[in-house]
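Only a predicted model underlies this, so the values are computations on that prediction, with no experimental measurement involved.
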Amino acid sequence: MERYARSSAVAVIRLRNPPVNALSVEVLQALEDGLKKAEADPSVKAIMICGENGKFSAGADIRGFSTPKRHRVALGPIVSLIESSEKPVVAAIEGIALGGGLEVALGCHYRLAHVKAQMGLPEVTIGLLPGAEGTQRLPRLIGVPAALDMITTGKHIPATEALKLGLVDEIVEENTIEAAIRLANKVIGQPLGPRRLSLKPVPKLPNTDAFLREALAKVKKQARGFLAPELCFQAVKAATERPFAEGVRRERELFQRLLSSEQARALQYAFFAERAVSRDHLSLAPSPLPGTLLSDVYIYTGLGTMGQGIATSLVKAKIPVVALEQDLEYLNKGRKAVMGLLEREAMKMEGGAQTLDFHNPARLQFTVDFDLLSDVDLVIEAVFEDMALKKEIFHKLSKICKPGALLCTNTSALNIDEIASATSRPQQVIGTHFFSPAHVMRLLEIIYGRHTSPTAIATAMQLAKALKKVGVVVGNCFGFVGNRMMFPYVEQAVFLLEEGSRPEAVDQALEDFGFKIGPFRMSDLAGLDVGWRSRKGQGLTGPSLPAGTAARQRHGQRYSPLPDLLCERGRFGQKTGKGWYQYEKAGGRTAVPDPWLHSFLSQYRDSHGIKTRYIDQEEILERCLFSLINEGFAILAEGIASAPEHLDVIYINGYGWPKHRGGPMFYASTVGLPHVLAKLQKYSEAHPDVPKLRPSAFLKKLVAAGNPPLKEWMSYLSRQSPKL
Ligand SMILES: CCCCCCC[C@H](O)CC(=O)SCCNC(=O)CCNC(=O)[C@H](O)C(C)(C)COP(=O)([O-])OP(=O)([O-])OC[C@H]1O[C@@H](n2cnc3c(N)ncnc32)[C@H](O)[C@@H]1OP(=O)([O-])[O-]
């Protein structure tokens, strides 16, 4: 505890634990001591709680949840202590007040926030619920619907919205601390009863039961097996049904249940994995990208679907863009699309179009003049996946761009070294694999080639950071990490159809597991023709296939021609109204199981002498997931990625893997590597012509080493890529 000024009657308690003032055991102890001291000192008439360095607090120290219980201090009783103070307590909220941080503020009698502050109860995103009485105080303050929304989604809200909701009493544009002190002085001597949230009733709704029923259905629908949102709901419901103290008891019970859950462990693992992965390589860049060098950074991009998303993403990050197309027709089409996307993005932002300033040619310029690239610092090429075309463009770029310019190619599978070979500066060529829609998806796979320099890698990581994306550095191989692991997963899904399953059964099993969308719905959405073109290019199907090739064999391995057969019939998915499912019309979105496809599958099995069998959910999951995980072990062993956390971050952020399962490699560690190995061995014996089911040598090694924890896996490999 400190004094605001020597003679002041206001005691200041500052939460201090850089970088985000997390409420560690020490911070909580100091908070409790400060409160008791201020309470006991007759010269103190009011108390102000604030955070160090312009941040209130990011909540309980998440690392503390994995320490033994005896080392934890319960936050709830401290919040109660604040509220029961006989002297008015004012929270001065700057920067962030999240989780336990906001719960501390809710214990205060008054809350004053800086206009740029953000508030939220994000516990649900790490598999928990607000466990320091927040589920009981918040509904009393802002009503059940708004509280439920904040607590079950974990979203952060800006101070202006907090003011509208009644979450804060006042917002200020400058000097929050001074304003809070003024407020503290003003309220000295005023009655505190009405300011104690635990004493307030929960505001009544016209029909609470009906509201809660609907809200629960919505939460369950979105959760897909994720436990925390439903338990958050139960805690808020308790506030509507029970007196405060009983509601708090219920909250504690539910909190403890979540705290000991595998899901909370998975989500907290994912939280730290994402931060660790994003930090990698950054320090190697000579100078930071946007911010300091903003006016020097220019980007060139083709303006197809990917280019449109990339350009939008760059403008959102306030990076000046030069958008280039091959001719005026494509340029005008692209310009219209980018402007449309930016208008929509601006509508979601405070300040709208003015904030993004995208009508300003210094920020966003459209051109067909290749020579404008002579002065750019960074180029992102985003033409379609055609090696010859990409090489032609890189050859040109290498001639036109200034010596230091970084040349990035947006590709999902092509060989970076081959693209770099078309330039005279392969050390400055790097892959940046954006995910569609590029202005929405958070993942950026960054692929280094044989000659890519560490500085180029670090600069690409800075670009990811500036775009608020999660950059993950990986090595160069077909499909890189994400798609390479996806191939065996999709392959198994199709094999399951050959053997007797249906698209809707496979999708359902994987969606019940938690994927946002199953492989067949995904394939219909992305378009079956994309993979068809690629397989034709690889000579796996189409006119270049040698006559007499067995329908279900390629290079001595099992192959399913099913996707090719659908494409030959013009079934490209949503865009043609038919694919693995049928749709109401071409471009329709509602997938309906298709009787034509079912009978087509039966005829296919008959013509190939395959006996249809019933395939249960367990087999669907094991074959799809374990083949993907098996590829992950191969990738680690080859040094294509530097740690299992990298694969997990890729899968959570780019492939819809359910975050509450921590990513594929974390999931493997939870089910146990011996189990994964045994299942792969079983399926591999049943399908000896499917190499992707053959357990990877690295997986076998880890099992032989006694199934070590995930953190130790990499120590069992002798070789690592020098760049990772
Ligand atoms: C019986 C027990 C009862 C207990 C009751 C508890 C009840 C309570 O309701 C539970 C909670 O509050 S749960 C908590 C609810 N709160 C949340 O879920 C908030 C989680 N945090 C966030 O969302 C973001 O970090 C911020 C938006 C705060 C900052 O974003 P940004 O500016 O992009 O920065 P950044 O890169 O993200 O972070 C910078 C560094 O800070 C680190 N760190 C951050 N928060 C931490 C924490 N709470 N802890 C520890 N560390 C935390 C982070 O790891 C990183 O360090 P690293 O060494 O580089 O890894």
Side-chain angles (χ1 to χ4, degrees), residues 56 58-60 79 91 93 96-107 111 113 117-169 171 197-198 200-242 244 247-248 250-251 254-255 258 263-264 267 347-350 440 516 658-660:
F56 192 76
V79 176
I93 303 174
I96 41 161
L98 300 174
L102 185 58
E103 289 174 299
V104 165
L106 288 171
R111 283 159 295 281
Q118 295 273 327
M119 280 153 262
L121 291 173
E123 285 86 343
V124 67
T125 61
I126 49 166
L128 299 175
L129 54 80
E133 308 178 358
T135 63
Q136 305 304 299
R137 280 199 179 83
L138 193 63
R140 286 174 161 79
L141 182 62
I142 64 171
V144 176
L148 205 51
D149 183 39
M150 276 181 75
I151 293 171
T152 56
T153 63
K155 68 180 179 193
H156 298 185
I157 60 165
T160 43
E161 196 183 331
L163 183 68
K164 279 187 207 141
L165 289 173
L167 176 54
V168 295
D169 301 291
I171 52 177
L197 297 180
S198 68
K200 275 169 89 94
V202 173
K204 286 262 169 290
L205 290 168
N207 189 342
T208 306
D209 286 348
F211 171 81
L212 289 175
R213 247 194 331 272
E214 255 179 54
L216 177 61
K218 192 173 148 204
V219 164
K220 276 189 161 170
K221 190 164 171 231
Q222 284 168 357
R224 289 186 183 283
F226 174 23
L227 193 60
E230 195 179 331
L231 267 56
C232 283
F233 169 89
Q234 298 299 350
V236 175
K237 182 166 175 264
T240 68
E241 296 169 341
R242 308 174 187 207
F244 185 81
V248 166
R250 177 76 176 137
E251 179 194 273
L254 295 167
F255 182 84
L258 286 175
Q263 294 193 0
L267 283 157
M347 266 162 42
K348 294 184 215 155
M349 301 168 84
E350 240 178 293
V440 177
K516 290 200 181 80
K659 200 169 183 179
H660 62 271

Nearest non-hydrogen partners of [X] and [Y], listed with the distance:
X: G100; Y: E123; result: N-OE2, 3.5 Å
X: P130; Y: G134; result: CB-CA, 4.3 Å
X: A97; Y: F56; result: CB-CD2, 3.9 Å
X: P122; Y: H156; result: CB-NE2, 4.2 Å

Gap between atom [atom2] of [Y] and atom [atom1] of [X] - 0.5 Å precision:
X: E214; Y: D209; atom1: CD; atom2: CG; answer: 12.0 Å
X: Q222; Y: K516; atom1: CD; atom2: NZ; answer: 11.5 Å
X: L129; Y: L254; atom1: CG; atom2: CG; answer: 6.0 Å

Exercise for the section: Can you tell me which residue pairs pass the salt bridge (charged side-chain N to carboxylate O under 4.0 Å, His left out) test with a partner in residues 156-167, sequence neighbours excluded? Expected result: none
Handout entry: Side-chain donor or acceptor of Q263 paired with backbone N/O of G127 under 3.5 Å
Key = no
Practice task
Assess whether atom CD of E241 is packed by more than 12 heavy atoms of other residues, nucleotides or ligands within 6.0 Å.
Solution key: yes
Exercise for the section: Just do the side-chain contact (heavy atoms from CB on, under 4.5 Å) check on Q234 and R250 with the steps written out, would you? Expected result: CA-CA 9 Å; Q234 298 299 350; R250 177 76 176 137; 4.3 Å; yes
Which atom pairs, donor and acceptor, lie under 3.5 Å between side-chain atoms of residues 223-231 and protein residues at least two apart or in another chain?
none

Practice task
Evaluate the criterion side-chain contact (heavy atoms from CB on, under 4.5 Å) for residue pair I96 and L102; output intermediate values, then yes/no.
Solution key: CA-CA 9 Å; I96 41 161; L102 185 58; over 6 Å; no
Exercise for the section: Side-chain contact test, heavy atoms from C-beta onward, threshold under 4.5 Å: evaluate it for T240 versus L205 and give yes or no. Expected result: no
Which pairs of donor and acceptor atoms, one on a side chain in residues 135-155, lie under 3.5 Å apart (sequence neighbours left out)?
residue	atom	partner	partner atom	Å
T135	OG1	E251	OE1	2.5
Q136	NE2	A235	O	3.0
R137	NE	E83	OE2	2.9
R137	NH1	E133	OE1	2.9
R137	NH2	E133	OE1	3.1
R140	NE	K200	O	2.9
R140	NH1	Q136	O	3.0
D149	OD2	K155	NZ	2.5
T152	OG1	L148	O	2.7
T153	OG1	D149	O	2.6
T153	OG1	K155	N	3.2

Exercise for the section: Check the pair L197 / F244 against side-chain contact (heavy atoms from CB on, under 4.5 Å), numbers first and verdict last. Expected result: CA-CA 9 Å; L197 297 180; F244 185 81; over 6 Å; no
